[in-house]
Amino acid sequence: MDVVPGANAGFPVEGDDDAAAKEAADLEAIFDVPVNVSAVLGRSRMDVGDLLKLGPGTVLELDRKVGEAIDIYVNDRLVARGEVVLVEDRLGVTMTEIIKAER
């Protein structure tokens with residue numbers, strides 16, 4: 001996969017209004033299709049016995065460092081990387097890199 005920072009992900013660029021309107025009309029049928037979006041902070045591997053010992057207050061060490069980009073998946077496919085942000089009293093994700101899939 002290629003990482004394309006700031007890529008427009010195949011969408012029309014500004015100034016191409018007619019093409020943008022046509023593409024938006026062509027895609028309108030899929031706008032309401034639900035997708036699963038996941039933001040993965042990190043992963044950890046453990047035995048079932050250790051998993052059963054987890055409880056409130058347990059710290060689980062992940063494979064990422066503080067400040068490292070998180071992975072953003074759509075329907076279990078890596079599509080972007082980003083950073084965790086705070087939006088009022090909720091966590092959010094801002095995309096910093098779009099991952100271009102090889103075909």
Side-chain angles (χ1 to χ4, degrees):
M1 294 185 175
D2 297 327
V3 176
V4 184
N8 64 9
F11 294 103
V13 293
E14 287 185 43
D16 202 1
D17 294 335
D18 292 335
K22 182 174 179 356
E23 282 195 32
D26 291 344
L27 293 174
E28 192 170 334
I30 65 168
F31 284 172
D32 292 330
V33 174
V35 294
N36 249 345
V37 179
S38 304
V40 179
L41 298 173
R43 300 180 191 277
S44 184
R45 189 170 188 88
M46 65 179 54
D47 297 328
V48 173
D50 293 333
L51 179 65
L52 294 173
K53 293 176 188 172
L54 296 179
T58 301
V59 175
L60 182 62
E61 187 176 342
L62 302 175
D63 63 351
R64 302 274 172 102
K65 295 183 172 145
V66 174
E68 194 172 334
I70 63 169
D71 294 332
I72 302 166
Y73 290 85
V74 174
N75 288 345
D76 298 323
R77 172 180 258 168
L78 179 65
V79 297
R81 290 203 172 84
E83 297 173 351
V84 176
V85 295
L86 188 60
V87 181
E88 295 180 17
D89 63 340
R90 295 176 161 234
L91 291 177
V93 176
T94 181
M95 287 191 229
T96 57
E97 300 173 83
I98 303 295
I99 308 296
K100 184 177 176 184
E102 295 176 7
R103 297 205 178 214

Under 3.5 Å: donor-acceptor pair, side chain of R64, backbone of R43: no
Heavy atoms from other residues, nucleotides or ligands near CG of N75 exceed 12 (cutoff 6.0 Å): yes
L52 CG to M46 CE distance, which is reported to the nearest 0.5 Å: 10.5 Å
Spacing of CG belonging to D63 relative to OG belonging to S44, to within rounding of 0.5 Å: 7.5 Å
Single-linkage hydrophobic cluster, 4.5 Å side-chain cutoff, V84 and V87 together: no
L41 with L86, same ILVMFWY side-chain cluster at under 4.5 Å: yes
Co-membership, hydrophobic cluster, residues V93 and V85, 4.5 Å side-chain: no
Shortest non-hydrogen contact from I70 toward V40: CB-O, 3.3 Å
Distance, nearest 0.5 Å, that separates OG1 of T96 from CD1 of I72: 7.0 Å
Gap between atom CG of D76 and atom OG of S38 - 0.5 Å precision: 6.5 Å
4.5 Å side-chain heavy-atom contact, I98 and V79: no
Same apolar cluster: V35 and M95, side chain cutoff 4.5 Å: yes
Transitive ILVMFWY side-chain link L27 to V33, under 4.5 Å: yes
